[in-house]
Visitor: 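Below: one structure in structure tokens.
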Amino acid sequence: MTIGLIGGTALEQLNLQQQQLLEVDTPWGTPSCPLVTGWLAGAQVVYINRHGEQHSIPPHRVNYRANIHALHQQGVDAIVALNAVGGISMEMTPGSLVLPHQLIDYSWGRDHSFSDGDGMPLQHVDFTDPYDQGLRARLLRVATAVALALIDGAVHGVVQGPRLETASEVLRLEKDGCDIVGMTGMPEAGLARELGIPYASIGLVVNPAAGKSDRLITLDEIGAVMKAAQPRLLALIAALCADMAA
Ligand code: HPA
């Protein structure tokens with residue numbers, strides 16, 4: 001079992017055993033950065049940061065196709081994506097870890113499909129359940145086993161960014177049924193489905209979404225929540241790896 005991990009704002013880097021950097025190219029261009037390969041808790045892991053090594057690639061400029069294809073080329077059996085998100089519904093408080101079960105894609109203008117070139121087969125993949133049920137169940141099971149709170153189920157609204165939302169945009173997302181809002185959940189999930197790779201996302205709520213608190217959203221606040229949550233996020237990933245390796 002090889003596990004693909006996609007980090008970003010929620011997980012800027014990952015230290016693996018026998019770590020190696022792998023420069024790869026794909027038919028869809030160059031991924032955001034070299035892949036980091038190695039072992040974690042007995043499992044083989046391939047990690048990529050979607051924003052690049054210097055966190056310089058904004059959500060709408062990420063080459064999602066190259067990133068997903070690069071992981072596919074390494075033969076990953078599953079992909080777990082980490083996403084920093086804003087909390088919309090009441091229980092999505094800063095610091096919460098959440099396992100979305102649905103998404104709504106509001107992003108636009110991103111290269112979002114592998115069915116997109118001369119000679120590429122046209123696919124209409126089923127996306128009724130955008131996240132892999134088996135992988136979600138496994139994550140919930142290991143979270144319980146290591147006594148980590150992981151909220152089961154949320155609708156992830158994926159917006160364009162990089163700016164944050166207006167209060168009215170968040171109200172609209174809420175009316176649509178979104179529980180959390182982030183900028184990088186799509187087209188990643190759809191591309192993984194096109195390649196048949198089981199994919200799940202772990203959301204880390206780093207702020208109340210715009211208008212959901214009486215304060216403005218600051219990067220300092222987000223950074224502090226993120227830092228405090230790292231041990232829990234890493235523990236969850238390690239528990240998943242141990243389970244996959246068993
Ligand atoms: N909105 C969109 N994306 C985000 C947010 C947010 O409030 N917080 C972290 N990523």
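Every number for a ligand or one of its atoms is a count from 1 in the order of the listing. These numbers come from a predicted model, not from an experiment.
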Visitor: Taking atom CZ of Arg141 as the centre, does the number of heavy atoms from other residues, nucleotides or ligands within less than 6.0 Å exceed 12?
Guide: yes
Visitor: Can you name the atoms of ligand 1, numbered from 1 with element, that are less than 4.0 Å from a heavy atom of Ala84?
Guide: 9 (C), 10 (N)
Visitor: Which of the atoms in ligand 1, numbered in the order shown and given with their element, are less than 4.0 Å from a heavy-atom of Glu165?
Guide: 1 (N), 2 (C), 6 (C), 7 (O)
Visitor: Give me the nearest non-hydrogen protein atom to atom 8 (N) of ligand 1 as residue plus atom name, then the distance to 0.1 Å.
Guide: Asn207 OD1, 2.7 Å
Visitor: Of the protein's non-hydrogen atoms, which lies at the shortest distance from atom 6 (C) of ligand 1, and what is that distance?
Guide: Leu164 CD2, 3.4 Å
Visitor: Tell me whether Gln19 at atom CD has more than 12 heavy atoms from other residues, nucleotides or ligands lying less than 6.0 Å away.
Guide: yes
Visitor: Answer side chain, backbone, both or neither: which part of Ile222 comes under 4.0 Å from ligand 1, heavy atoms only.
Guide: neither
Visitor: If the threshold is 4.0 Å, N to carboxylate O, is there a salt bridge linking Arg136 and Asp129?
Guide: no
Visitor: Can you tell me the protein heavy atom closest to atom 4 (C) of ligand 1 and the distance?
Guide: Val181 O, 3.6 Å
Visitor: Keeping the roles fixed (side chain from Arg110, backbone from Gln160), state whether a donor-acceptor pair exists under 3.5 Å.
Guide: yes
Visitor: Passes side chain to side chain donor-acceptor pair (under 3.5 Å), His55 versus Glu12? Steps please.
Guide: CA-CA 8 Å; His55 199 99; Glu12 286 288 1; 2.5 Å; yes
Visitor: Specify the protein heavy atom at minimum distance from atom 5 (C) of ligand 1: its residue, its atom name, and the distance to 0.1 Å.
Guide: Gly86 N, 3.4 Å
Visitor: Under 4.0 Å from ligand 1, counting heavy atoms only, is it the side chain of Thr9, its backbone, both or neither?
Guide: neither
Visitor: For the ring pair Phe114 and Trp28, is the centre-to-centre distance below 6.0 Å?
Guide: yes
Visitor: With side-chain contact (heavy atoms from CB on, under 4.5 Å) as the test, pick out the partner of Val46 among Thr37, Leu5, Leu16.
Guide: Thr37
Visitor: Using a strict 4.0 Å cut-off to heavy atoms of Val206, name the atoms of ligand 1 that fall inside it.
Guide: 8 (N), 9 (C)
